[in-house]
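A quick write-up on the structure given underneath.
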Protein chains: 2
Amino acid sequence: MENRIKIERAILDITQEELAQKIGVSRQTINSIEANRYVPSTVLALKLSELFNKPVNDFFKLTEDD
Amino acid sequence: MENRIKIERAILDITQEELAQKIGVSRQTINSIEANRYVPSTVLALKLSELFNKPVNDFFKLTEDD
DNA sequence: TAATAATGTAAAGTATATTTGTCATAATAG
DNA sequence: CTATTATGACAAATATACTTTACATTATTA
């Protein structure tokens, strides 16, 4: 799975730390997701959706290996 | 988080077992998600999105407790 | 340049998703 | 009614998300 969180975060112009606080996770969680080290839960995806004001499918996409 | 998987599955007219096979998880996983026993991963949500031909936000919604 | 903020990452621990196996019950078909 | 299929649910084992702590590196700013 690939994601555009880094880009969406740049649009909001906030740090990983700030994004983490807004959705209630640790900074490392955001960092790890941006680095594709693991796949987030759907609750986390929906919270990002609210914050970014965009549907989940806009910033999370399946890849070959999924 | 609440979901409408049972309804989407009814629209496709397939069993939990069939849905599970189509997206590559066990039947118990589908059953547990429909029963809100746990929250699926975003990869699973995206696979359902493909199958249902609808955005994730259409069948997964945040609730108070999220 | 020096100080500070932001990011990348790793390890250890906890929480939770998912699998496999199993059983009970409800619904459906013969 | 009987056999079969579909669903609900639980327990144990495994995989993985997420937290906390910690440290190194890369910007950024004074």
Side-chain angles (χ1 to χ4, degrees):
Chain A
M1 199 189 65
E2 65 182 16
N3 73 79
R4 300 179 195 283
I5 294 181
K6 193 168 190 171
I7 297 168
E8 297 296 337
R9 185 166 61 80
I11 294 174
L12 293 187
D13 193 27
I14 57 178
T15 67
Q16 292 181 341
E17 175 73 37
E18 288 169 331
L19 174 53
Q21 282 173 5
K22 283 176 187 289
I23 65 174
V25 293
S26 70
R27 179 183 70 82
Q28 286 80 349
T29 293
I30 298 301
N31 187 287
S32 295
I33 293 170
E34 285 190 4
N36 285 300
R37 265 194 296 278
Y38 59 69
V39 171
S41 73
T42 298
V43 163
L44 205 159
L46 290 174
K47 286 182 177 175
L48 290 172
S49 176
E50 268 192 348
L51 187 63
F52 296 158
N53 203 35
K54 289 177 181 174
V56 171
N57 299 66
D58 275 21
F59 50 90
F60 280 123
K61 308 270 187 188
L62 289 176
T63 49
E64 311 287 336
D65 53 306
D66 292 319
Chain B
M1 199 190 64
E2 63 182 18
N3 73 79
R4 296 169 47 90
I5 294 181
K6 191 168 190 170
I7 296 168
E8 296 297 337
R9 184 166 61 78
I11 292 174
L12 293 186
D13 193 27
I14 58 179
T15 67
Q16 293 182 341
E17 175 73 38
E18 289 169 331
L19 175 54
Q21 282 174 5
K22 282 176 188 290
I23 65 174
V25 293
S26 70
R27 179 183 71 82
Q28 286 81 348
T29 294
I30 298 300
N31 187 287
S32 294
I33 293 170
E34 285 191 2
N36 285 301
R37 266 193 296 277
Y38 59 68
V39 171
S41 72
T42 298
V43 164
L44 206 159
L46 290 174
K47 286 182 177 173
L48 290 173
S49 177
E50 267 191 348
L51 187 64
F52 296 158
N53 203 36
K54 290 178 181 175
V56 171
N57 300 65
D58 275 21
F59 51 91
F60 279 122
K61 307 272 185 187
L62 290 178
T63 49
E64 310 285 337
D65 53 307
D66 292 318

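Each chain gets a letter, A, B and so on, in the order its sequence line appears, and its residues count up from 1.
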Is any side-chain heavy atom of Val43(A) closer than 4.5 Å to a side-chain heavy atom of Phe60(B)?
no
Can you tell me how far the CG atom of Asp66(B) sits from the CD atom of Glu2(B), to the nearest 0.5 Å?
9.0 Å
Between Ser26(A) and Thr29(A), is any side-chain donor less than 3.5 angstrom from a side-chain acceptor?
yes
In short, Pro40(B) meets Thr42(A) closest at the heavy-atom pair O-OG1, 2.9 Å
For the CZ atom of Arg4(B) and the CD1 atom of Ile11(B), what is their distance to the nearest 0.5 Å?
7.0 Å
Could you say whether Glu18(B) or Thr29(A) is positioned toward the 5' end of DNA chain D, judged by the nucleotide with the nearest heavy atom to each?
Glu18(B)
Give me the first and last nucleotide of DNA chain D, going 5' to 3', that has any atom under 4.0 Å from a heavy atom of chain B.
dA6(D) to dC10(D)
Give the rounded distance in Å between these two atoms: CD1 of Ile30(B) and P of dT20(C).
14 Å
It should be established whether Arg37(A) places a side-chain nitrogen or oxygen under 4.0 Å from OP1 or OP2 of nucleotide dA11(C).
no
Check the phosphate of dT19(C) against Ser26(B), side-chain N and O only, distance under 4.0 Å to OP1 or OP2. Yes or no?
yes
Smallest separation among heavy atoms of Ser41(B) and Val39(A), with atom names:
CB-CG1, 4.2 Å
Atom-pair distance (CG on Leu19(A); P on dA6(C)), nearest Å:
13 Å
Nearest-0.5 Å distance, CE of residue Met1(A) to CD1 of residue Ile33(A):
7.5 Å
When rounded to whole Å, the CD to P distance for the pair Gln21(A) and dA6(C) reads 11 Å
Give one of base, sugar-phosphate or nothing for Thr15(B), where a contact means two heavy atoms less than 4.0 Å apart.
sugar-phosphate
Write out all pairs satisfying salt bridge (Lys or Arg N to Asp or Glu O under 4.0 Å) with one or both partners inside residues 14-43 of chain B, taking only residues at least two apart or from two chains.
Arg9(B)-Glu34(B)
Measuring from atom CZ of Phe52(B) to atom CG of Leu19(B), what distance do you get when rounded to the nearest 0.5 angstrom?
5.0 Å
Nearest 0.5 Å please: distance from the CG atom of Leu48(B) over to the CG atom of Asp58(B).
12.5 Å
Between CD of Gln16(A) and P of dT9(C) the distance, given in whole Å, is 10 Å
Check the distance between dG21(C)'s P and Asn31(B)'s CG and give it to me in whole angstrom.
17 Å
So what is the end-to-end bend of the helix from dT1(C)-dA30(D) to dG30(C)-dC1(D), with 5 pairs used at each end and the value given to 10 degrees?
50°
Taking side-chain hydrogen bond (donor to acceptor under 3.5 Å, both in side chains) as the cut-off, I'd like each qualifying pair that reaches into residues 43-56 of chain A, sequence neighbours left out, listed once.
Glu8(A)-Lys54(A), Ser49(A)-Asn57(B)
Distances under 3.5 Å only, N/O to N/O: pair up the protein atoms with those of nucleotides 22-30 of chain C.
| from | atom 1 | to | atom 2 | distance (Å) |
| --- | --- | --- | --- | --- |
| dT22(C) | O4 | Gln28(B) | NE2 | 3.2 |

Find the distance Glu17(A):CD to dA5(C):C1' and express it as a whole number of Å.
11 Å
Show the nearest heavy-atom pair for residues Tyr38(A) and Ser32(A), with the distance to one decimal.
CE2-CB, 3.6 Å
Residues in contact with DNA chain D, drawn from residues 38-66 of chain B - heavy-atom cutoff 4.0 Å:
none
Between atom CD of Gln21(B) and atom CD1 of Ile30(B), what is the distance when rounded to the nearest 0.5 Å?
11.0 Å
If you group Ile, Leu, Val, Met, Phe, Trp and Tyr by side-chain heavy-atom gaps below 4.5 Å, do Leu51(A) and Ile7(A) land in one group?
no
